Amino acid sequence: MKTVGLKRLTVKLFPHNRKWRGVFGVEARKIRKLIPHVEHIGSTAINGIKAKPIIDMLAGIPSMKESKDYIKPLAKLGFELRPFGIASKHLLFVKGKEKNRTHYLHLVKHDGQIWKSDLFFRDYLNRHRGAAKTYEKLKIELAGRFAQERPKYTKAKWQFIKNILDKRK
């Protein structure tokens, strides 16, 4: 089994791999030279559940006003800026070729709403095994339905994610 990488826009889940944490660590050390706040998020950061083998990373900067200042330095590390709908609050970078996407880097305001929500979701599922297993079951079902349609797969998970995030209140 390869450690990370998946063809763009496809959905294929793999059993949790303890090596994902190390793969995150390698990239995080590089990024932290530019941005001190970097976290491992997404399903590869949730212990014991299946996930797409793409490492999701969250990088927090003081303000999104200077987000453009990070585009070229991150490109030198192999991260390409992708068009994304909420660019004023979140920039998305990818690493890896179209046929082998390996990392997503989400650039957000440190300690802002997205930062807090992403970390809450990860931490909640790592603390609540029943919720993590329910999420895994949903992901498996959706991966079967949307194997070649990742946007639909992602959208179909939203209600579950929102229900977890609502527990913050």
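What you see is a predicted model; the values in this text were computed from it and never measured.
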Working for salt bridge (charged side-chain N to carboxylate O under 4.0 Å, His left out), residues Lys50 and Glu136: CA-CA 6 Å; Lys50 291 184 175 187; Glu136 178 184 51; 5.8 Å; no
Within this structure, what is the [atom1]-[atom2] distance for the pair [X] and [Y], rounded to the nearest 0.5 Å?
| X | Y | atom1 | atom2 | answer |
| --- | --- | --- | --- | --- |
| Lys116 | Arg168 | NZ | CZ | 7.0 Å |
| Asp118 | Leu58 | CG | CG | 5.0 Å |
| Ile46 | Asn126 | CD1 | CG | 6.0 Å |
| Phe24 | Arg29 | CZ | CZ | 9.5 Å |
| Lys7 | Gln148 | NZ | CD | 6.5 Å |

field: Arg129, CZ atom: more than 12 neighbouring heavy atoms under 6.0 Å
entry: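 Check passes, neighbour count above 12.
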task: Walk me through it: do Phe160 and Phe121 pass the test side-chain contact (heavy atoms from CB on, under 4.5 Å)?
output: CA-CA 11 Å; Phe160 179 91; Phe121 185 76; 4.3 Å; yes
Under a 4.5 Å side-chain heavy-atom rule over Ile, Leu, Val, Met, Phe, Trp and Tyr, are [X] and [Y] clustered together?
| X | Y | answer |
| --- | --- | --- |
| Phe93 | Met64 | yes |
| Leu142 | Ile49 | yes |
| Leu77 | Val38 | yes |
| Leu165 | Leu138 | yes |

Would you indicate whether the side-chain heavy atoms of [Y] and [X] approach each other to under 4.5 Å?
| X | Y | result |
| --- | --- | --- |
| Arg82 | Tyr104 | no |
| Leu125 | Asn47 | no |
| Glu66 | Ser63 | yes |
| His103 | Met57 | yes |
| Pro73 | Ile35 | no |

message: Check for me whether the distance between the ring centres of Tyr135 and Tyr124 falls short of 6.0 Å.
response: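 They do not qualify: ring centres at least 6.0 Å apart.
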- prompt: After noting the C-alpha distance and the side-chain angles of Ser43 and Lys139, does the key distance pass the side chain to side chain donor-acceptor pair (under 3.5 Å) rule?
  reply: CA-CA 10 Å; Ser43 293; Lys139 288 163 50 84; 2.9 Å; yes
message: Under a plain distance cut-off of 3.5 Å, with no hydrogens placed, do Asp56 and His106 share a side-chain donor-acceptor pair?
response: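 The answer is yes; a qualifying pair exists.
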Does a side-chain N-to-carboxylate-O contact under 4.0 Å join [X] and [Y]?
| X | Y | value |
| --- | --- | --- |
| Asp166 | Lys162 | yes |
| Glu27 | Lys95 | yes |
| Glu141 | Lys137 | no |

- prompt: Hydrophobic clusters join Ile, Leu, Val, Met, Phe, Trp and Tyr when side-chain heavy atoms are under 4.5 Å apart, directly or via other members; which others share one with Val26?
  reply: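 Grouped by the 4.5 Å side-chain rule, Val26 forms a cluster of one, so the answer is none.
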